[in-house]
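Following: one structure in structure tokens, then a few remarks.
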Amino acid sequence: EITKEQQAFMKVIVDSYNRHQIPQDVTKKLLQEQYSAEENFILLTEMATSQVQVLVEFTKNIPGFLSLDHEDQIALLKGSAVEAMFLRSAQVLSTKMPNGHTEVLEERIRNSGISEEFMTPMFNFYKSIGKLHMVQEEQALLTAVTILTPDRPFVKDHPAVERLQEPMLEVLRKLCALHHPREPQYFARLLGRLTELRTLNHYHTEMLTSWRMNDQKFTPLLCEIWDVQ
Ligand SMILES: CC(C)c1onc(-c2c(Cl)cccc2Cl)c1COc1ccc(-c2ccc3c(C(=O)O)csc3c2)cc1
């Protein structure tokens with residue numbers, strides 16, 4: 001069912017996804033530092049900054065991405081960074097990481113100055129992703145599909161992005177049928193998570209505003225990608 005060239009195409013994306021991860025010396029800090037809201041915010045800022053760098057490297061390996069208009073490349077990265085980081089942190093929180101990152105990451109997110117009203121939708125999303133039990137290929141493809149979403153703000157050449165996203169959606173659809181044969185609606189449920197991700201974008205914008213109200217500092221890279229400060 002999955003053709004030879006689709007397999008090769010998928011391998012490029014999955015290998016890149018596995019190659020690009022936050023380095024150990026950064027993630028191990030999650031286990032070491034204190035648990036004050038202040039310290040948690042600083043750690044999460046470091047994680048997010050490192051994850052954005054990882055995302056940029058992953059995105060550059062998506063076939064065809066580098067031949068897009070340069071301004072559109074930036075618009076796609078800015079428009080998808082938060083969603084891609086929700087997907088990645090969801091993966092960490094739902095797979096019991098052997099290194100104990102899961103528990104400490106959840107603990108630090110829950111105590112980092114994020115107001116209660118955002119906790120519920122955030123952790124509902126985390127739960128809904130966990131229930132899907134995505135295999136690694138699906139996680140890699142879903143992240144690539146999220147990044148190559150044509151209707152992000154300021155994207156000029158929609159059709160060019162669609163032409164890159166379509167083949168990835170087709171491979172993802174076949175992967176879902178392959179790995180979840182008894183759940184014909186699995187692919188549709190997966191795409192439903194992308195809709196839920198869009199709503200989290202709006203919550204995230206408010207989270208940023210309330211952090212900034214408390215004079216919290218971000219890194220230059222996060223300020224650039226989130227148009228803050
Ligand atoms: C600026 C900061 C306070 C912030 O603002 N919004 C969010 C934010 C939040 Cl709080 C939730 C969801 C999305 C965002 Cl942007 C954040 C924190 O973002 C994070 C991004 C990414 C990780 C993350 C990734 C991978 C891994 C791995 C691994 O791969 O092995 C092991 S531990 C870990 C940790 C955590 C937090």
Does [X] reach the main-chain N or O of [Y] with its side chain, forming a donor-acceptor pair under 3.5 Å?
X	Y	result
Glu224	Leu221	no
His180	Cys176	no
Ser210	Met207	yes
Asn18	Val14	yes
Thr102	Ser94	no
Gln51	Ile22	no
Arg189	Leu132	no
Asn111	Tyr35	yes
Ser16	Val12	no

Under a 4.5 Å side-chain heavy-atom rule over Ile, Leu, Val, Met, Phe, Trp and Tyr, are [X] and [Y] clustered together?
X	Y	value
Ile114	Phe123	yes
Trp226	Ile147	yes
Phe218	Phe118	yes
Leu66	Val161	yes
Met168	Val135	no

Could you tell me whether [X] atom [atom1] has more than 12 heavy atoms of other residues or ligands within 6.0 Å of it?
X	atom1	value
Gln185	CD	no
Tyr203	OH	no
Lys156	NZ	yes

Can you see which heavy atom on [X] is nearest to which on [Y], and at what distance?
X	Y	value
Asp69	Glu71	OD1-N, 2.8 Å
Leu175	Glu138	O-OE2, 3.9 Å
Ala48	Met85	O-SD, 3.7 Å
Gln7	Ile2	N-CG2, 3.9 Å
Phe154	Asp72	O-OD1, 3.8 Å
Thr143	Leu55	CG2-CD2, 4.3 Å

Go through it in stages, so that I can follow the logic: the residues are Leu76 and Val155, the test is side-chain contact (heavy atoms from CB on, under 4.5 Å), and I'd like the CA-CA distance, side-chain angles, deciding distance and then a yes or no. CA-CA 7 Å; Leu76 290 175; Val155 170; 3.8 Å; yes
Using side-chain contact (heavy atoms from CB on, under 4.5 Å), reason through Ile129 and Gln91 one step at a time and then give a plain yes or no. CA-CA 8 Å; Ile129 285 283; Gln91 185 186 333; over 6 Å; no
Could you list the residues that satisfy side-chain contact (heavy atoms from CB on, under 4.5 Å) with [X], not counting sequence neighbours?
X	answer
Gln34	Glu39
Gln216	Glu38, Phe41, Trp211, Asn214
Pro159	Asp157, Arg163
Leu31	His101, Val104

[atom2] on [Y] to [atom1] on [X], rounded to 0.5 Å:
X	Y	atom1	atom2	answer
Thr49	Leu44	OG1	CG	10.5 Å
Lys217	Asp215	NZ	CG	4.0 Å
Ile62	Leu141	CD1	CG	9.5 Å
Thr149	His158	OG1	NE2	10.5 Å
Leu77	Gln73	CG	CD	8.0 Å
Lys29	Met47	NZ	CE	7.5 Å

[X] vs [Y] side-chain heavy atoms within contact, under 4.5 Å:
X	Y	value
Leu178	Glu1	no
Leu194	Leu142	yes
Met122	Phe86	yes
Gln139	Tyr17	yes
Thr205	Leu208	no
Tyr186	His179	no
Ile13	Val171	no
Val228	Leu222	no

Show your working on side-chain contact (heavy atoms from CB on, under 4.5 Å) between Phe187 and Leu169 and close with a plain yes or no. CA-CA 10 Å; Phe187 178 58; Leu169 279 166; 4.3 Å; yes
For residues 120-129, pull every pair meeting side chain to side chain donor-acceptor pair (under 3.5 Å), keeping only residues two or more places apart or in separate chains.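 Side chain to side chain donor-acceptor pair (under 3.5 Å) check on residues 120-129 returns Ser89-Tyr126, Ser128-Arg193, Ser128-Glu196.
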Can you confirm whether the side chains of Gln21 and Arg88 place a donor and an acceptor under 3.5 Å from each other?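 Arg88 and Gln21 do have a side-chain donor-acceptor pair below 3.5 Å.
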Tell me, please, which residues at least two apart from Phe65 pass ring pair (Phe, Tyr, Trp, His ring centres under 6.0 Å).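 Per chain and number, Phe65 pairs via ring pair (Phe, Tyr, Trp, His ring centres under 6.0 Å) with no residue.
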Pair Leu87, Leu197 - check side-chain contact (heavy atoms from CB on, under 4.5 Å), show working. CA-CA 8 Å; Leu87 284 175; Leu197 269 175; 3.7 Å; yes
Evaluate the criterion salt bridge (charged side-chain N to carboxylate O under 4.0 Å, His left out) for residue pair Arg110 and Glu107; output intermediate values, then yes/no. CA-CA 5 Å; Arg110 285 192 183 280; Glu107 170 62 28; over 6 Å; no
